[in-house]
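We use all heavy atoms of the structure for the numbers below, so side chains are in, but hydrogens, waters and symmetry mates are not. Order of listing sets the numbers, starting from 1, for every ligand and every atom in it.
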Amino acid sequence: MTQLTVKGGWLDGAAIRKARKPYRCQYYRGSAAGGFCRKPIPPGAYYVEGEMTDCQQTRNGAFIRDKYCPECAGPEALATIADQGGGA
Ligand SMILES: [Zn+2]
């Protein structure tokens, strides 16, 4: 499987991955009220890797990136995912 990346937009070059377990969108300006998006990202759905979080690290010491739902990642991310058949 080739690695998908966002082509264009504010997250140009960001990795698009499939969720292995349930996540929630961590985009901090994702809601209309200006708060966190928190939209569920179900297992098997695509999400976009966003900015690196400051405080989260794996046990190996690698930094974890925020996970954004495709809607928050922008139309370019949605278009890239749609090219894959919409998540199949
Ligand atoms: Zn979102």
For the residue pair [X] and [Y], what are the closest heavy atoms and their distance?
| X | Y | value |
| --- | --- | --- |
| Ile16 | Tyr46 | CG2-CD2, 3.6 Å |
| Trp10 | Gly74 | NE1-N, 4.4 Å |
| Val6 | Val48 | CG2-CG1, 3.8 Å |
| Pro42 | Ala19 | O-CB, 3.6 Å |
| Arg65 | Gln26 | O-OE1, 4.2 Å |

(message) Can you list everything that forms a side-chain contact (heavy atoms from CB on, under 4.5 Å) with Ala15? Sequence neighbours excluded, please.
(response)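 With sequence neighbours excluded, Ala15 shows a side-chain contact (heavy atoms from CB on, under 4.5 Å) to Gln3, Arg17, Glu49, given in chain and number order.
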(request) Check the Zn ion (ligand 1) and write out every protein N, O or S atom at under 2.8 Å, as residue and atom. (result)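 Those protein N, O or S atoms (cut-off: under 2.8 Å from the Zn ion (ligand 1)) are Cys25 SG, Cys37 SG, Cys69 SG, Cys72 SG.
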